[in-house]
2 protein chains.
Amino acid sequence: MTKPIPENPKGRRDQMRERVLEAAEAVISTKGLAGLKARDISARAGCALGAIYTVFEDLDELILGVNQRTLTRLEAALATPEGAHGEAELQRLARAYLGYARDEEPRWRALFEHRLPPEKPLPDWYARDRDRLFALAEAPLASLLPNEEPPARKLRARTLFSAVHGVVLLGLEEKFAPTSSGTLEAQLREFVATMARGLREN
Amino acid sequence: MTKPIPENPKGRRDQMRERVLEAAEAVISTKGLAGLKARDISARAGCALGAIYTVFEDLDELILGVNQRTLTRLEAALATPEGAHGEAELQRLARAYLGYARDEEPRWRALFEHRLPPEKPLPDWYARDRDRLFALAEAPLASLLPNEEPPARKLRARTLFSAVHGVVLLGLEEKFAPTSSGTLEAQLREFVATMARGLREN
DNA sequence: CGCGAAGATGAACGTTGTTCAGTTTTTTGT
DNA sequence: ACAAAAAACTGAACAACGTTCATCTTCGCG
C-alpha cells in the first residue's frame, strides 16, 4: 500500500514544486521581488531550505516560474471580450493594462525587474508566453491598418505595447500628488487616441 | 604647516567622496548595477571599506549620486542644437535617446533598475534633475501644438518621453536576431512619425 | 521485510552590506 | 608651537543572504 491513490495526478515532487511556487508567488505579490528570500519561501512552503533546490535550479528559475504565472493572469486580465474593433479596443487594452499594473503592482513589476545573468538566456517557453502578450494588440491594429503585412503588424503591435508599457511604468513611479490617480488614466487615453489618429492618417 | 595649500578648492572629504563616486561610476558603466560591490569600490577608490560610509549614507545614496551624473550626461547627449522644430526635433531626440541607451547601456539601465526602499523617498535634487530630462520634449511639442497650456504640455512631454522610453527599453531587451539593430531605429522613427501625425490632427 | 535509489534535510560555506571600537589625522585654543 | 579636542579613517566583526552537500529519511519493488 505504498500508493494510496492508484495514479497520482501529480507526483510528490510536483506537489512540492507547486507549494514552493505558490509560496514564492505569495511573497512576490505582497513584498515584491526584492522581498523574496529563500528562507522565507521554505518556511511558507513547509519544507527545508535545501528542498527549494531539488525542484528549481536556483531562485532565478523559480522567479521565472512565478513570472510565467503572472503572464498568464495578465493575459487573462487583458482578454478581448468579443469583437476587437480598432481604437476602442486599443483603449480598452491600454486601460486594462494600467488596471492590472495598479492592482498587482509588485507582481507586475517583477515581470520587468527580474533580469537573469547574461550567460543564461531566456527559456523558449518563457519568451513564447511573453510574445503572446505583445500579440494582443495585433487584432485591433488590423482593423485600423487592414493592408499591413502580418510581420510588419507584429512589429507594430510590439512597439505600441512597449510605448503603453513605458507610459504606465513611469506614470506609476510617482504616486505623490503632482500626478494624481485620474491624471494617469487621462494621459493614457489621450496617448492612445493620438496614436490611433496618427495611424489612420497613414 | 598643516595646510600646504592656503585654501583647498575641495576639502579632503570631498576628494574622497569624488574618488568613491568615480569608482562606483566605473563599475556601473562596465558591470552594471548588479555588479556593484562595496569591497570592489573601496579597492578601486584606494580606501578602506568603512570609508564609503563616511561620505555616503549607504550604497543607495551612492547609486543616486552616480545616477545624477548619468542624468547630466544623458541630458548633454540629448541637448538640442539650435532651433527645435516640431517633428524633426522629436525624431532627433528619440534617436539620440536610443543612441545613448545603446552606447552606455549598463549606466543607462541603472537609472531605472535602481529602486530605493519605500520608506526613503526620492531626494528633491534628484527628482529635479530627472524632470529636466522629461522637459526636453516640451519645446518641440510647443511648435506642434502652439495653443496648448504649459501645464498640459508638461504632462504631454512626460507621456511622450515615457512612451519612447518604453519602446527603447523593451526594444533593447532582445538583442538576438529577430529584432536586428536597424529594425529598432525604424520602429522608433515610425512611432514618432505616427505620434506627430496624430498630434497635428488635433 | 530488505535494500538500492531517490528525495529531503539543515548545518555549513562564501559573499554580501553595514557597523563600530580603536587608531590616525586634522583642527582648535591658548 | 604644542597639547587637547574633534573629526575622519580603518578593517575586523556581524547579520543576512543564496547555494551546496554529507547525512538521514522515505519510497518502490522483489
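This structure is a prediction, so every number in the text was calculated from the model and none was measured. By convention in this document, chain letters (A, B, ...) are assigned in the order of the sequence lines, proteins followed by strands, and residues within each chain are numbered from 1. Computation of the quantities below employed the complete heavy-atom set of this structure, encompassing side-chain atoms and omitting hydrogens, waters and symmetry-equivalent molecules.
One can place CE of B/Met16 at 18 Å from P of D/dA7, the figure rounded to the nearest angstrom. Across the protein-nucleic acid pair, B/Ile52 atom CD1 and C/dT16 atom C1' stand 12 Å apart, rounded to whole Å. Atom CZ in A/Arg19 sits about 14 Å away from atom C1' in C/dT9, given to the nearest Å. What separates OH of B/Tyr53 from C1' of C/dC20 is a distance of 13 Å, to the nearest Å. The nearest whole Å value for the distance from the CD atom in A/Gln15 to the C1' atom in D/dC27 is 14 Å. Straight-line distance from the CG atom of B/Leu49 to the P atom of C/dT16: 11 Å, rounded to whole Å.
Under 4.0 Å is where a charged nitrogen must lie from a carboxylate oxygen, and between A/Arg115 and B/Glu113 at least one such pair does. Look at B/Glu89 and B/Arg92 and you find a salt bridge, because one of the NZ, NE, NH1 or NH2 atoms lies within 4.0 Å of a carboxylate O, short of that distance. Salt-bridge formation is detected for the pair A/Arg132/A/Asp129: a Lys NZ or Arg NE/NH1/NH2 atom is positioned less than 4.0 Å from an Asp or Glu carboxylate oxygen. Salt-bridge formation is not detected for the pair B/Arg44/B/Glu25: no Lys NZ or Arg NE/NH1/NH2 atom is positioned less than 4.0 Å from an Asp or Glu carboxylate oxygen. A salt bridge links B/Arg156 to A/Glu190: one of the charged nitrogens lies within less than 4.0 Å of a carboxylate oxygen.
Under the salt bridge (charged side-chain N to carboxylate O under 4.0 Å, His left out) criterion, A/Arg189 pairs with no residue at all, not counting sequence neighbours.
Taking OG1 from B/Thr54 and CZ from B/Arg17, the interatomic distance works out to 10.0 Å, rounded to the nearest 0.5 Å. Rounded to the nearest 0.5 Å, atoms OG1 (B/Thr70) and CD (B/Glu104) are 8.0 Å apart.
The stretch residues 54-65 of chain B comes close to DNA chain D through B/Thr54, each having a heavy atom under 4.0 Å from the strand. Against DNA chain D, the stretch residues 25-42 of chain B makes heavy-atom approaches under 4.0 Å through B/Arg39.
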